[in-house]
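What follows is a short report on a single structure.
Atoms within a ligand are numbered from 1 in the order they appear, just like the ligands themselves.
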Amino acid sequence: MLLFSRRVSRVLAAVSVHSKFATPPGGIKMSTKAHSDSQEATKKLRDAGLLLSRALIGDKWCEAFDGRTITVSNPATGEFLADVPFMGRKETELAITVANEAFPVWSQKTTAERSKLLRNWFDLLIEHKEELGRLMTLEQGKPLKEAIGEIVYAAGFVELYAEEAKRIYGEIIPAATHDKRLIVLRQPVGVVGAITPWNFPLAMITRKVAPALAAGCTIIVKPSEFTPLSAVAAAKLALQAGIPPGVLNIVIGDAPQIGGALLESTKVRKITFTGSTQVGKKLMEGSAATVKKVSLELGGNAPCIIFDDANIEVAVRGALAAKYRNSGQTCVCINRILVQDGIYEEFAKAFAQAVSGLHVGNGLEEGVTQGPLINPAAVAKVVSHVEDAVAKGARVLVGGKTHSLGRTFYEPTVLADTTPDMKIFCEEVFGPVAPLFRFKDEKEAVRLANDTHFGLASYVFTENISRAWRVAEALEYGMVGLNEGLISTEVAPFGGVKQSGLGREGSKYGLDEYLEMKYVCFGNMASS
Ligand code: SIN
């Protein structure tokens, strides 16, 4: 266990409500009219001690200094899940101090020690994947099967970086003169500030925390205030796994205040963010004053090109997966389907038929494949995109309106005859709407696909191998799925070009984002 300075211990004692491993009291008040599935799910979570409603600073489960809270509710039913602390600058400054005090001890552990603790964390995440999946469905809405899939994906980053921790190699560089020896050490960046989104409440956290911890960094995570419960549950398991207090801290609340404190601190040496391009630019700008290392995983506007020579069945399956995963709420979701003239009608018919088979509902219900959107504002954005497209001549093949389940639900939708003058061509819809654009030849397809400021994921369906190579090389994107709609995996480098971001997450390359190179030159080494 790390020892914090006396001042920090005093402040922590004053704000905390519970110590390590204890379940924080209060906060979880289920509404009386809660759906029975949700009640059963929350009971199981409570029994497992994974329904926590406090932030974590050091080894203390904390409330906001001024007692302010924010309510987390189930997007499918609107029911109350928890009141969590609404923290700001002061709590973040405390978390930074704690993370900074934990840094020397954590970074000086051997890589084998850090690897072992990460591995313990991975084991606990997998052991609790069912409960964590239920928690995620409750707070985020995605279908239970998809949520459990995300827990496994999230745990995969922890397992990968438990292994990669052992391979943080240095280098010896041949010197140009006999009297010198040149070496390169790779050392942790220092304290990291991570800001994560609501669409993947756990995977976007472990994708940052696991490489940071493997490298020897300590970290303060600000999860989305819409989905903080998965983050705190996972943090509890991290403590249980033996990761020392102060190494992983969770601060929940006011994004500008928390972000501001992270940016202004000279102790925070790295900012990592997943979210909108607009916020990413602000964080990049804010990092300039203290010249922090920055990695950004930002918005996308993914094209999916379907050529005449595609296998239609493969293309329909791939496009369906890439468009409707998480109800269209991922940065790598297809935003524009570009279909070649020759198969346009055939593809449109087959795709619309497949989409009409999707099952919308509460993610806890058996057989549901499409959950709600995160909130009514997300639905309003989808409505405005569809209205704009229809007003400019798009044809609705399936869906096209809010779902009868109400509030946060939108019907899985396919629009035909969409054109580049529509909003949906240039802005991420972040919902279950697939617009089908038409193109004549390969040149036009590549031009349309690249006609955007974004460059995250792209997809191509063709049976022609030389075309596949050519187009993959010509696409200005960080990732290309060839005859494949599901490209995300912890073992490959995930990230974008242009205004979709900086740096890569996952794979061996994801570790570099948390390491600095130090060049050491030994002089006067010639024999005496
Ligand atoms: C994202 O939407 O930011 C990430 C999606 C993924 O990892 O597949």
Could you tell me whether the side chain of [X] and the main chain of [Y] form a donor-acceptor pair under 3.5 Å?
{"X": "Tyr161", "Y": "Gly506", "answer": "yes"}
{"X": "Asn249", "Y": "Val221", "answer": "no"}
{"X": "Trp121", "Y": "Val158", "answer": "no"}

**Message:** Tell me whether the NZ or CZ atom of Arg467 lies within the 45° cone about the ring axis of Phe307 and under 6.0 Å from its centre.
**Reply:** yes
**Asked** Per the salt bridge (charged side-chain N to carboxylate O under 4.0 Å, His left out) rule, which among Glu297, Glu150, Glu490 passes with Arg207?
**Response**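 Running salt bridge (charged side-chain N to carboxylate O under 4.0 Å, His left out) over Glu297, Glu150, Glu490 with Arg207 returns exactly one hit, Glu297.
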**Asked** Can you check side-chain contact (heavy atoms from CB on, under 4.5 Å) on Val316 and Phe347, steps first, answer last?
**Response** CA-CA 7 Å; Val316 167; Phe347 175 81; 3.8 Å; yes
Quick check for students: name every N or O atom pair between ligand 1 and the protein closer than 3.5 Å, with distances.
{"residue": "ligand 1", "atom": "2 (O)", "partner": "Asn199", "partner atom": "ND2", "Å": "3.2"}
{"residue": "ligand 1", "atom": "2 (O)", "partner": "Cys331", "partner atom": "N", "Å": "2.7"}
{"residue": "ligand 1", "atom": "3 (O)", "partner": "Glu297", "partner atom": "OE1", "Å": "2.9"}
{"residue": "ligand 1", "atom": "7 (O)", "partner": "Tyr153", "partner atom": "OH", "Å": "2.8"}
{"residue": "ligand 1", "atom": "7 (O)", "partner": "Arg207", "partner atom": "NH1", "Å": "3.0"}
{"residue": "ligand 1", "atom": "8 (O)", "partner": "Arg325", "partner atom": "NH1", "Å": "2.9"}
{"residue": "ligand 1", "atom": "8 (O)", "partner": "Arg325", "partner atom": "NH2", "Å": "2.9"}
{"residue": "ligand 1", "atom": "8 (O)", "partner": "Ser488", "partner atom": "OG", "Å": "2.4"}

